[in-house]
A.B. asks: 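This is the structure I have questions about; it appears just below.
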Protein chains: 2
Amino acid sequence: MVIDINLSTLQRLKRPEAPSIPQPSLARLPQYHHYLVDLADKGISRISCSVIGAYLGLIPVQVRKDLQYTGIIGKPKTGYSVAELIQAIETFLGWNNINEAFLVGVGNLGTALLGHERFSKFGLRIVAAFDTDSTKIGQWIHEKAVLPLEQLADLAQRMSIHLGIITCPAEAAQAVADEMVKGGIQAIWNFAPVKLRVPDHIIVHNEDLYSTLASLSWKLARRFRVPVQEKEAV
Amino acid sequence: MVIDINLSTLQRLKRPEAPSIPQPSLARLPQYHHYLVDLADKGISRISCSVIGAYLGLIPVQVRKDLQYTGIIGKPKTGYSVAELIQAIETFLGWNNINEAFLVGVGNLGTALLGHERFSKFGLRIVAAFDTDSTKIGQWIHEKAVLPLEQLADLAQRMSIHLGIITCPAEAAQAVADEMVKGGIQAIWNFAPVKLRVPDHIIVHNEDLYSTLASLSWKLARRFRVPVQEKEAV
DNA sequence: GTAGACTCGGTATATGGTTATCGATATAAA
DNA sequence: TTTATATCGATAACCATATACCGAGTCTAC
Ligand SMILES: NC(=O)c1ccc[n+]([C@@H]2O[C@H](COP(=O)([O-])OP(=O)(O)OC[C@H]3O[C@@H](n4cnc5c(N)ncnc54)[C@H](O)[C@@H]3O)[C@@H](O)[C@H]2O)c1
Ligand SMILES: NC(=O)c1ccc[n+]([C@@H]2O[C@H](COP(=O)([O-])OP(=O)(O)OC[C@H]3O[C@@H](n4cnc5c(N)ncnc54)[C@H](O)[C@@H]3O)[C@@H](O)[C@H]2O)c1
């Protein structure tokens, strides 16, 4: 077997499109955005990296570097214009253009996402939901129609949907992803705890709540049960 | 103002307790765990890093290094015992001991989490929910009582609850966190998009769905709108 | 009008995590 | 029994990100 060689090669080849922004910086931008919107609501019009950093627990240099990726220009002594900064982040993230999405699996989590109107402020509009449960099909949940899964690929194609959200049981997730790919969907937001196998050009983001849980669990366990020495003695 | 100096100093001082495992490795452990449980269900008893890596899209060395943190010992040529490995991960993450938790904010998301029974397999048991909405208080949702927020601190103390989950609106999150701290809660799983201000010894994990959304949105925008050149010209 | 203080932007260094390399060991086949 | 091969564990090189530093610009206060 040469699995490992293939893999590492593959991973390297996957990287030709330079990220142009580090993933951690990308993840911090929405946090700046939340804070800036708060400031704007309070009528504050200018802000410095130091203050943003103080609020979010980051050092000013890091904030400055992150913001630079959006193309914003600040002025010495006064900092940045709050309005410009919000605009710069939204434009950079593509939040000004709406992404229409399909959601599959109208259970506990799917219903919660369907009902979250705030997503629309961040460029996400879930336009329809899909399920295989005949008792759910035909219902309207949070003003969205629940359709049979079989229609997904066809509708996605005809409506030019680019984003799919998976909130079905883990066992079904791969099959659903396959349908999405068939329908021309480009990006998948996956809440099921499985690794999806999709073509290279498909963007997949896993929202792995169990990873978070693992971190919390480990830290709590460590605090309460292990005073020192975590690994086996040397 | 000397905000920045204070901050960087503070950040450095926050790091005295060495993590002893990199955060990314910690986040990958649950993924190995999911896969290993699948293998065990299929009756497979031994597994190598190469195969795990091939499944999850990781190179074998990285898998091996991650697993080493759990203290597992493998054998050359044959790899690891699946059963031992599952046990090692669960013990390491503290999933064998149940963490009891309180959840605050029985809305869309809170209800979804309350109904997710699978969490109990990973050491998490939500024992009660809290809200300020008088129409929700007194109800039982997914077999959990919804209690008034005022009782949280007292109950947390008496029941020795160590984990709090925040799924209330962002505006209320800080106040809720304060209550949790007052009740002796040690760790907070925060789904509201705000930076919580809590004492240093409190563990906080933010589940920031908007960060994920930002990544997806940016990548989609990039694919469809920007053929090349992201930042302003040099 | 000038001195001083604050903040931005660019470059350099440090840190932490990932990836590569190598020797040792266990299994299986000859 | 011996040889070939796959895998583990440890060490070392490498890379991305985070942090530090420094010069330049602009506003405030005297
Ligand atoms: N609810 C949570 O808090 C939570 C937390 C973490 C992860 N998750 C994950 O999210 C996913 C959904 O969780 P949930 O609690 O909402 O589950 P759920 O059982 O409440 O809902 C699952 C939904 O998917 C539908 N479904 C089943 N098979 C399907 C298929 N083949 N195609 C389309 N739809 C199908 C079901 O009819 C149901 O409506 C799971 O993978 C779960 O592991 C949920
Ligand atoms: N629903 C989602 O898909 C989603 C996605 C991302 C983030 N979030 C975040 O999760 C949080 C909850 O979202 P949601 O959609 O469930 O909102 P929701 O409005 O459906 O529910 C909020 C709940 O909190 C309760 N509440 C209000 N004020 C409270 C207070 N002071 N103390 C305790 N409880 C209080 C309300 O009564 C309600 O039951 C929000 O911060 C939201 O930004 C939700």
Side-chain angles (χ1 to χ4, degrees), chain A residues 1-15 18-29 45-54 56-82 84-85 88 231-232 234, chain B residues 1-15 18-29 45-54 56-82 84-85 88 231-232 234:
Chain A
M1 274 212 276
V2 281
I3 283 176
D4 45 349
I5 291 174
N6 282 343
L7 250 182
S8 62
T9 310
L10 184 135
Q11 283 217 331
R12 213 176 299 115
L13 292 179
K14 256 188 194 163
R15 252 185 252 151
S20 105
I21 176 173
Q23 177 65 30
S25 299
L26 190 52
R28 281 189 295 268
L29 287 180
S45 65
R46 297 200 70 84
I47 187 74
S48 76
C49 289
S50 317
V51 178
I52 298 176
L56 287 173
L58 303 168
I59 61 175
V61 194
Q62 186 166 46
V63 177
R64 213 177 301 135
K65 249 195 129 210
D66 288 343
L67 296 181
Q68 278 177 359
Y69 288 110
T70 67
I72 189 87
I73 306 279
K75 269 202 284 190
K77 180 70 177 181
T78 57
Y80 304 90
S81 151
V82 173
E84 277 178 24
L85 203 37
K231 301 174 66 177
E232 75 284 18
V234 184
Chain B
M1 272 214 275
V2 282
I3 283 176
D4 46 349
I5 291 173
N6 282 344
L7 252 182
S8 62
T9 311
L10 184 135
Q11 284 217 331
R12 213 175 300 115
L13 291 179
K14 254 186 193 165
R15 251 185 253 150
S20 106
I21 176 173
Q23 177 64 32
S25 298
L26 191 51
R28 281 190 294 269
L29 287 179
S45 64
R46 297 201 70 84
I47 187 73
S48 76
C49 289
S50 318
V51 178
I52 298 176
L56 288 173
L58 304 168
I59 60 175
V61 194
Q62 186 166 46
V63 177
R64 213 176 301 133
K65 248 195 133 209
D66 287 343
L67 296 181
Q68 279 178 357
Y69 289 110
T70 67
I72 188 88
I73 307 277
K75 268 201 285 191
K77 179 74 176 181
T78 58
Y80 304 90
S81 150
V82 172
E84 277 179 25
L85 203 36
K231 301 174 67 178
E232 75 283 22
V234 185

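Values below: every heavy atom of this structure, side chains too, minus hydrogens, waters and symmetry copies. Below, read A as the first sequence line, B as the second, and so on, with proteins coming before strands; counting in each chain starts at 1.
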A.B. asks: Whole angstroms only, please: what is the CZ-C1' distance between A:Arg46 and D:dC27?
C.D. replies: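 Whole-Å distance recorded here is 11 Å.
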A.B. asks: Who pairs with A:Pro76 by side chain to side chain contact (heavy atoms under 4.5 Å, CB included), at least two apart in sequence or on another chain?
C.D. replies: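 Counting only residues at least two positions away or on another chain, A:Pro76 forms no side chain to side chain contact (heavy atoms under 4.5 Å, CB included).
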A.B. asks: Output the distance between atom CD1 (B:Ile47) and atom OH (B:Tyr80), rounded to the nearest 0.5 Å.
C.D. replies: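 If I round to the nearest 0.5 Å, the distance is 11.0 Å.
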A.B. asks: Just how far, in rounded Å, is C1' of C:dT18 from CD1 of B:Ile21?
C.D. replies: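 Taking CD1 of B:Ile21 and C1' of C:dT18, I get 14 Å after rounding.
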A.B. asks: What is the distance, to the nearest angstrom, from the CG atom on B:Leu85 to the P atom on D:dC8?
C.D. replies: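 Spelled out: CG on B:Leu85 to P on D:dC8 is 10 Å.
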A.B. asks: Mind calculating the distance between CG (A:Leu29) and P (D:dT17) to the nearest angstrom?
C.D. replies: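 In whole Å, D:dT17 P lies 13 Å from A:Leu29 CG.
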A.B. asks: For B:Arg64, enumerate each residue passing the salt bridge (Lys or Arg N to Asp or Glu O under 4.0 Å) test, keeping only those at least two apart in sequence or located in another chain.
C.D. replies: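 Checked B:Arg64 against salt bridge (Lys or Arg N to Asp or Glu O under 4.0 Å); zero matches.
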A.B. asks: In whole Å, I'd like the distance from the CD atom of B:Gln23 to the P atom of D:dA18.
C.D. replies: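 Distance check: B:Gln23 CD to D:dA18 P gives 13 Å.
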A.B. asks: Can you name the residues that form a side-chain hydrogen bond (donor to acceptor under 3.5 Å, both in side chains) with B:Ser45, not counting sequence neighbours?
C.D. replies: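 Partners of B:Ser45 under the side-chain hydrogen bond (donor to acceptor under 3.5 Å, both in side chains) test: none.
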A.B. asks: Ignoring backbone atoms, establish whether A:Arg28 has a side-chain N or O less than 4.0 Å from OP1 or OP2 of D:dA18.
C.D. replies: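 For D:dA18, OP1 or OP2 has a side-chain N or O of A:Arg28 closer than 4.0 Å.
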A.B. asks: Using 0.5 Å steps for rounding, measure from the CZ atom of A:Arg28 to the CG atom of A:Leu56.
C.D. replies: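 CG of A:Leu56 is found 10.0 Å from CZ of A:Arg28.
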A.B. asks: Would you mind reading off the distance between B:Gln62 atom CD and D:dC14 atom C1', rounded to a whole angstrom?
C.D. replies: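 Computing the B:Gln62:CD to D:dC14:C1' distance gives 14 Å.
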A.B. asks: Output one line per pair: protein atom, nucleotide atom from nucleotides 8-13 of chain C, and distance, for all N/O pairs under 3.5 Å.
C.D. replies:
unit_1, atom_1, unit_2, atom_2, d
C:dC8, OP1, A:Cys49, N, 3.0
C:dC8, OP2, A:Arg64, NE, 3.3
C:dG9, OP1, A:Gly74, N, 2.8
C:dG9, OP2, A:Tyr80, OH, 3.0
C:dG9, N7, A:Arg64, NH1, 3.2
C:dG9, O6, A:Arg64, NH1, 3.4

A.B. asks: Which residues pass the side chain to side chain contact (heavy atoms under 4.5 Å, CB included) test with A:Lys75, not counting sequence neighbours?
C.D. replies: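 A:Lys75: side chain to side chain contact (heavy atoms under 4.5 Å, CB included) contacts with A:Arg46, A:Thr78.
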